[in-house]
Amino acid sequence: MSGAKNAILPAMAASLLSEGPVEIVGAPLLRDISTFGTLLGILGAEVSRTGNGDGRDTLRIAPGVADKAEAPYDLVKTMRASVLVLGPLLARYGRARISLPGGCAIGERPIDQHLRGLELLGARTALSEGYIEATADRLKGAPVCFDMKTVTGTENLMMAAVLAEGTTVLSNAALEPEVCDLARLLRGMGADIEGEGTDEIVIRGVRSLRGVRHEVMADRIEAATLLLAGAITGGDVTVDGADPFGMGAVLDKLRETGAEVSAVPGGVRVRRAGPIRSVNVKTAPYPGFPTDLQAQFMAYMCLGDGFSIISETIFENRFMHVAELRRMGARIDVSGNTAAVKGVTNLSGAPLMATDLRASASLVLAGLAAAGTTEVLRIYHLDRGYDALERKLRSLGADISRVKE
Ligand code: EPU
């Protein structure tokens with residue numbers, strides 16, 4: 001099982017805070033990771049990868065001196081997570097210039113909470129030519145209460161606060177396991193952090209941070225996607241290295257659909273023999289049902305034995321997969337942030353267009369269960385967050401291959 005993309009990207013950003021090299025163990029081959037590597041290169045760091053490409057490579061990031069402290073539009077527009085360098089650059093260099101990300105395929109996704117938090121720590125921010133320009137002398141610890149749960153917002157503030165003078169208390173912080181993984185990494189670098197995994201994180205600033213070797217948490221979204229592949233095809237799949245901790249909401253939902261789910265030594269197993277029971281799903285911040293699995297779960301519900309109501313509460317436009325699933329014969333009505341899925345007995349294969357990372361995975365899952373052949377185009381979206389998904393699915397018996405578009 002590979003390390004989690006959404007834990008690796010913040011870990012890579014955190015390396016900017018360090019005086020020594022940071023090693024991140026468990027890195028898959030993902031486009032977002034290489035894009036982030038390019039960004040760190042622009043920021044003066046030296047990034048190298050060792051391993052055999054089995055999804056568990058080691059990234060070594062040796063800090064350098066950033067003469068520009070700038071994340072350019074070209075990179076930010078392809079990967080919003082670039083915004084994660086804002087906190088570390090400000091903390092380390094007292095300045096950062098980051099292209100303001102625009103909207104994306106799943107919603108508007110503003111970063112006002114990141115900016116307000118950094119301002120509370122003493123940063124000055126201004127918008128110029130589409131870029132956020134932030135400066136600060138040494139940041140000063142302060143209480144910061146987020147208006148909503150934001151994962152990268154919490155991470156950005158944690159990374160800014162670790163080198164600030166004094167104590168920062170982050171309230172209404174995100175509880176995601178990836179936030180906890182970042183806290184663990186930062187502690188390994190010498191930071192003084194407690195409370196991660198609760199909604200109040202306390203950070204006492206230190207003068208400097210050192211290099212560390214960090215084994216990143218397993219990717220719970222990839223693991224659940226593979227479990228859903230087992231469930232949708234009526235199979236029996238064990239995902240080695242999957243950590244059931246952090247997957248509670250999804251495993252519970254899978255059980256409700258009639259699948260048998262069990263923690264086995266070193267992994268998680270799913271089996272389904274009977275019909276797929278339709279269940280309702282509402283996405284929510286952790287520990288709720290993750291928005292990053294909504295599209296994949298919807299593909300599963302397309303073959304349910306009744307009605308399933310799927311509500312997306314995190315992003316306002318994360319139903320782009322619906323039109324594609326309909327092309328396969330799915331019966332889905334959307335009203336606002338709610339999709340009503342009436343299960344059908346069969347889906348039929350079709351040429352489909354991927355629109356974003358998780359939507360691509362949902363189309364692949366639907367294709368596995370559909371009669372006939374499904375072609376998913378624009379799979380570069382898939383490669384952003386899944387390392388050789390087709391190879392993993394093939395090893396489970398799927399008839400799937402990557403062909404040139
Ligand atoms: N929001 C604001 N203002 C902010 C920040 C967030 O209004 O300043 C809103 C967002 O628009 C959204 C909600 O708050 O409606 C939650 O967004 P959050 O900030 O938590 O999302 P994120 O940090 O940008 C991370 C993941 C996403 C994942 C979300 C939610 C990373 C790199 N990205 O994004 O992952 O969907 O949390 O869990 O960690 C993916 O991997 O496919 C992916 C999109």
Side-chain angles (χ1 to χ4, degrees), residues 2-14 28 30-33 35-36 39 76 78-87 98 100-120 125 132 144-159 170 172-182 199 216-217 219-225 246 249-250 282-296 311-318 320-321 337 354-362 381-387 389:
S2 304
K5 166 182 85 79
N6 288 347
I8 293 173
L9 302 179
M12 293 177 80
L30 299 180
R31 205 158 60 94
D32 275 9
I33 292 180
T35 307
F36 215 99
L39 175 57
V76 179
T78 63
M79 188 188 56
R80 302 178 54 86
S82 310
V83 77
L84 282 166
V85 300
L86 182 55
I98 313 281
L100 185 64
C104 74
I106 61 176
E108 200 183 317
R109 303 183 74 181
I111 57 161
D112 56 299
Q113 298 298 306
H114 304 231
L115 299 179
R116 193 178 62 91
L118 293 170
E119 283 162 9
L120 288 168
T125 66
I132 295 290
V144 174
C145 180
F146 293 104
D147 292 345
M148 79 271 295
K149 299 279 185 200
T150 158
V151 177
T152 52
T154 301
E155 292 165 347
N156 232 337
L157 264 292
M158 281 163 70
M159 292 188 281
L170 303 178
N172 198 22
L175 312 183
E176 266 68 3
E178 291 77 8
V179 171
C180 301
D181 202 69
L182 175 64
D199 64 4
V216 92
M217 62 176 275
D219 195 320
R220 62 193 173 104
I221 305 299
E222 184 197 24
T225 303
V250 180
K282 187 178 198 168
T283 63
Y286 188 83
F289 190 94
T291 173
D292 289 347
L293 285 168
Q294 177 258 110
Q296 301 90 313
S311 315
E312 171 56 59
T313 73
I314 308 293
F315 294 112
E316 64 276 18
N317 187 27
R318 211 173 196 182
M320 303 278 277
H321 42 286
N337 73 343
T355 49
D356 74 71
L357 166 56
R358 307 302 172 187
S360 328
S362 117
H381 290 295
L382 195 69
D383 294 334
R384 291 187 55 183
Y386 291 94
D387 183 0
L389 185 63

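Counting convention: from 1, in listed order, for ligands and their atoms alike.
Nearest-residue assignment for atom 44 (C) of ligand 1 (options Arg318, Arg358, Gln113; heavy-atom criterion): Arg318. With distances taken over non-hydrogen atoms, the option nearest atom 6 (C) of ligand 1 out of Ala81, Ala174, Pro110, Gly153 is Pro110. The closest heavy-atom contact to atom 43 (C) of ligand 1, among the options Thr313, Thr150, Thr283, Asp292, comes from Asp292. Of the options Glu176, Lys5, Glu178, Met148, the smallest heavy-atom separation from atom 14 (O) of ligand 1 is shown by Met148.
Summarising the geometry of Thr225 relative to Ala361, their closest heavy-atom pair is CG2-CB, 4.1 Å, with the distance given to 0.1 Å. The minimum heavy-atom distance between Thr150 and His114, with the atom names listed, is OG1-NE2, 4.0 Å. Nearest approach of Leu86 to Leu115, heavy atoms of both residues: CD2-CD2, 3.8 Å. Looking at every heavy atom in both residues, Pro110 comes nearest to Arg80 through N-NH2, 4.5 Å.
For atom 21 (O) of ligand 1, the closest non-hydrogen atom of the protein is Phe315 CZ, 3.9 Å. Looking only at heavy atoms of the protein, atom 15 (O) of ligand 1 is closest to Ile314 O, 2.5 Å. Among all non-hydrogen protein atoms, the one lying nearest atom 3 (N) of ligand 1 is Asp112 OD1, 2.8 Å. Among protein heavy atoms, atom 24 (O) of ligand 1 sits closest to Arg109 NH2, 3.0 Å. For atom 26 (C) of ligand 1, the nearest non-hydrogen atom of the protein is Asn6 ND2, 3.6 Å.
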Worksheet entry | Derivation and outcome, side-chain contact (heavy atoms from CB on, under 4.5 Å), residues Leu182 and Met159 | CA-CA 9 Å; Leu182 175 64; Met159 292 188 281; 4.0 Å; yes

Item to complete: Test Arg220 against Glu178 for side-chain contact (heavy atoms from CB on, under 4.5 Å), laying out the working first.
Response: CA-CA 10 Å; Arg220 62 193 173 104; Glu178 291 77 8; 2.8 Å; yes

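For ligand 1, none of its N or O atoms has an N or O atom of Thr291 under 3.5 Å away. Taking any N or O of Val151, backbone or side chain, at least one lies under 3.5 Å from an N or O belonging to ligand 1. Annotation: Leu357 places no N or O atom under 3.5 Å from an N or O atom of ligand 1; distance criterion only.
Ligand 1 has no atom lying under 4.0 Å from any heavy atom of Arg80. A heavy-atom separation below 4.0 Å is not found between Arg384 and ligand 1.
Checked for salt-bridge contact, Lys5 and Asp387 miss the test: no charged N lies under 4.0 Å from a carboxylate O.
The ligand atoms of ligand 1 that sit less than 4.0 angstrom from a heavy atom of Lys149 are 16 (C), 20 (O). Near Thr152, meaning under 4.0 Å from one of its heavy atoms, ligand 1 places the atoms 22 (P), 23 (O), 24 (O), 31 (C), 32 (C), 39 (O). Proximity to Ile111 (heavy-atom distance under 4.0 Å) selects the following atoms of ligand 1: 4 (C), 8 (O). Close approach of ligand 1 to His114 is summarised as follows: ligand atoms under 4.0 Å from at least one heavy atom of the residue are 8 (O).
Under the salt bridge (Lys or Arg N to Asp or Glu O under 4.0 Å) criterion, Glu312 pairs with no residue at all, not counting sequence neighbours.
Looking at Arg109, its side chain never comes within 3.5 Å of a backbone N or O of Phe315 through a donor-acceptor pair. Checking side-chain atoms of Asn172 against main-chain N and O of Phe146 turns up a donor-acceptor pair under 3.5 Å.
A side chain to side chain contact (heavy atoms under 4.5 Å, CB included) with Ile8 is found for exactly one of Ile33, Asp181, Asp32, Leu30, namely Ile33.
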